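Sequence lines set the chain letters: A, B, ... in the order given, protein chains first and strands last, and positions in each chain run from 1. In this text, all values refer to a predicted model and were calculated from it rather than measured experimentally.
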Amino acid sequence: MLEIRDLHVSVDGNEILKGINLRVNAGETHAIMGPNGSGKSTLTRVLAGHPSYTVTSGEVLYRGKNLLEMAPEIRAREGVFLAFQYPIEIPGVSNTYFLKSALNEVRAHRGEEEMDAMEFLGLLKEKIKVVEMDEGLIHRPVNEGFSGGEKKRNEILQMAVLEPALSILDETDSGLDIDALRIVAHGVNQLKRPDRAVVLVTHYQRLLNYITPDFVHVLLGGRIVKSGGKELALQLEAQGYDWVKEKAAK
Amino acid sequence: MTETLARLSEREGFLKAVEAGWKSDAPAGIAGLRKQAAGRLAALDFPTQASEEWRYTSVEPLLRAPYHFARVPASAPAKETELAALAHGPVAGRLVFVNGFLSRELSTLHDLPGGVRVLGLREAWKAAPGVLEKHLAKYAPHDRETFTALNTAALCDGALVHLEKDAALAAPLSLIFITAPGKENPLIQPRNLIVAEAGSKATVIEHYFSLSPDPYFTNTVLEIALEENASLDHYQLQQEGPQAFHVGMTQAALGPSARFASTVIDAGGSLVRNNLQVRLEGEQASCVLNGLSLVAGSQHVDNFTVIDHLRPHGTSRQVYKAVLDDRASAVFYGKIFVRRDAQKTDAAQKNKSLLLSEGAKVDTRPQLEISADDVKCAHGAAVGQLDEDEIFYLRSRGLSDQSAKRLLTYGFANEIISAVPLESLRENLEGLLMKRLGQS
């Protein structure tokens, strides 16, 4: 589904990603772990098409197509979804209106009919239950005045409505209490299907207690320095990153 | 006969033309008032950019144009369907003015509740002389404001809304000012008065709308007197023609515990100046002033507002926003006075502008002048462009770059529109906004 080949990325002339290689197949869940500043967020934002980053070399294939050539909205319509680490507040635009517009753009791209307001509200109510979100929030402006946990749930709600093929979650677990973490994880697990894939970027192992990864990768200094199964996450939790750093240095 | 305002330097011709327009059926009080204002008009100069209050707006183009004094058009220019489009849901009635003169034919008033009078000003000369004598020209300063002197010197028609003690209008009242098509470049000068006696309550929509693509000049004055505990929700919608000049003076005087909520929406006109001055003369008076300017092309809109806290425990809230595209320009000059007696005043003022193009320009000057020591005052201004991260967020959900920008602009303006409690008016404003953003 996703193939990243020797990806180099700079921002303002500083190279952040220094040759990433990663292959994600349909049906798989990958966790990318690493200390602060290792380039995790950069990787997710580049995949979503944030304009501040410059890809200096390498390529990214998504379902066989060149992802890097696509505008951010085309990536979204093709089924790539990024759950933001810091979801943006959009004053004056209701959550419902925004999400309905987004869904209809995605549907139009897939050649599906536009969903009317009634139909959409029905769908939304169903999805809200999955993330156990307060129904009042859907009529409020997008993320405005939401608590940290509410914002993260709102990301998962958007994901549940848009049903992406490739979900990328950027530290969705940060700042969540244990209940919210469980709910968010439940939302992600509900979406799992053999024809979809999930990439989780996280700092800590605890999210992986709820969403079991098939593969764990350690990102360090802009490179993936170690890959393994889910037991790697436990090892990192117990021993920290130093041993990986030392090994990588050798 | 046409006259330019610039010729006021010579005065004679213009003042003669003003006098020629005086209706002979006016009572002595009105005739005296006009004469007095004409005297002031002969002595006052039009403002220049040398004055602090007009620093960012030049009235030169407005003074150079030759005007006809507007007359009542021979036939009604608007069809019922056109007027219906200006309706904002169920209303208590509408007064329709064509080029500043009341058209009874186009106006409709349903059964007004007891204690409520809605009249054309000329009708009021006979029907409500007491109210006029007590309130007309008592609030707007024709002695020192040239445009107000000009309006007062030619005073003839407009709307009178009079609410007696404890009278209440459940549905909003619509005052519609239409400019008829025609090439004679009319000078249109409605004069409006709203008097709300103690404990009364009303909602009034003042709507300027043009059927004319040609140049003309609307110079309008609205005086508002709110007595103790009176409450007025006022909406001013300015959709003048693309070549129109519009100068408006709204002067409100608030008694004890009176409440004034004003929303000013500017979407039309080529050169627009709104003066809104609110005096909180009684204790615990409160006002909410919201404004939204949607300007594009080479439009220029200048909002000049003064909130004057004179007595203790007053509250004022002001949010003015502007969305500018192309080479449009907007000015916000917002002054808040807190006088020595106005202890425990609570005032907050905010001005925000969104620039959608490089050529657009904003001048903003929020100002506080505080002479009391126990007050709470805050003000701020921000001018900015659409936020890149916000655009990216929306695009990352599938919205095109253009839709994302449109939605963010909508969201910016919507702070003012979503605050409008009248559902049908709010929907009309949303429609107007969408149209301006290029989405039907």
Side-chain angles (χ1 to χ4, degrees), chain A residues 44-53 70-95 97-110 139-144 151 154-155 157-159 161-164 166-168 170, chain B residues 263 265 290-292 294 319-323 350-354 356 380 382 384-420 423 426-427 429-434 436-440:
Chain A
T44 65
R45 287 153 70 94
V46 167
L47 293 177
H50 195 285
S52 316
Y53 299 92
M70 297 179 199
E73 59 270 31
I74 303 298
R75 300 179 196 204
R77 294 172 197 170
E78 288 278 334
V80 178
F81 182 94
L82 169 63
F84 282 52
Q85 183 181 4
Y86 302 109
I88 309 285
E89 298 188 10
I90 311 285
V93 177
S94 88
N95 230 350
Y97 184 84
F98 160 53
L99 204 42
K100 181 168 155 279
S101 307
L103 178 63
N104 279 329
E105 295 274 10
V106 171
R107 288 175 69 93
H109 187 75
R110 291 185 197 145
H139 300 296
R140 293 239 310 260
V142 182
N143 293 327
E144 195 184 37
K151 284 182 183 174
N154 203 23
E155 293 291 285
L157 174 67
Q158 292 171 17
M159 198 170 108
V161 168
L162 298 175
E163 299 195 311
L166 174 64
S167 303
I168 303 162
D170 186 9
Chain B
T263 303
I265 309 283
N290 288 336
L292 175 64
L294 304 169
V319 181
Y320 265 58
K321 288 191 153 186
V323 178
K350 198 167 79 174
N351 175 234
K352 280 187 169 180
S353 303
L354 177 60
L356 298 177
Q385 290 151 345
L386 290 174
D387 184 279
E388 282 299 330
D389 282 327
E390 291 178 12
I391 295 171
F392 175 65
Y393 187 63
L394 297 186
R395 291 180 74 187
S396 80
R397 298 300 180 250
L399 272 64
S400 69
D401 186 46
Q402 201 188 12
S403 310
K405 286 173 178 165
R406 207 151 47 195
L407 194 56
L408 291 171
T409 308
Y410 175 86
F412 176 85
N414 199 32
E415 184 185 353
I416 302 298
I417 292 177
S418 64
V420 173
E423 194 183 343
R426 189 173 62 241
E427 282 170 4
L429 292 174
E430 281 167 0
L432 175 71
L433 178 59
M434 290 308 250
R436 286 305 289 255
L437 298 176
Q439 198 177 57
S440 54

Review point. For B:Glu427, does the CD atom have more than 12 heavy-atom neighbours from other residues, nucleotides or ligands under 6.0 Å away?
Key: yes

Check your understanding: Between A:Gln158, A:Arg75, A:Met159, which shows the greatest number of heavy-atom pairs under 4.5 Å with chain B?
Key -> A:Gln158

Check your understanding: Which distance, rounded to the nearest 0.5 Å, do you find between the CG of B:Asp389 and the OH of A:Tyr86?
Key -> 12.5 Å

Revision key, fill the gap. By ring-ring contact (aromatic ring centres under 6.0 Å, His included), B:Phe392 pairs with (sequence neighbours left out) A:His50, A:Phe84

Practice item. State whether the side chain of B:Arg395 and the backbone N or O of A:Glu73 hold a donor-acceptor pair below 3.5 Å, judged by distance alone. Key: no

Point to revise | Check ion pair B:Arg397-A:Glu155 (N to O, under 4.0 angstrom) | key: yes

Would you give me the side-chain donor-acceptor pairs under 3.5 Å for residues 408-416 of chain B, sequence neighbours excluded?
residue  : atom : partner  : partner atom : Å
B:Thr409 : OG1  : B:Lys405 : O            : 2.7
B:Asn414 : ND2  : A:Gly92  : O            : 2.9
B:Glu415 : OE1  : B:Lys321 : NZ           : 2.6
B:Glu415 : OE2  : B:Lys350 : NZ           : 3.3

Study note, to complete from the structure: Smallest heavy-atom separation, B:Ser396 atom then A:Ala76 atom, equals O-CB, 3.3 Å

Practice item. Just give me the residue among B:Ser400, B:Ala404, B:Gly398 that pairs up with chain A most often, heavy atom to heavy atom, under 4.5 Å. Key: B:Gly398

Check your understanding: How close do A:Ile88 and B:Glu390 get, heavy atom to heavy atom, and via which atoms?
Key -> CG2-CG, 3.5 Å

Practice item. Determine the option with the most heavy-atom pairs under 4.5 angstrom with chain B, choosing from A:Ile90, A:Asn104, A:Val142. Key: A:Ile90

Check your understanding: Is it the side chain or the backbone of B:Ser418 that comes within 4.5 Å of chain A heavy atoms, both, or neither?
Key -> neither

Study note, to complete from the structure: Applying a strict 4.5 Å limit to non-hydrogen atoms, the region of A:Glu89 in contact with chain B is backbone

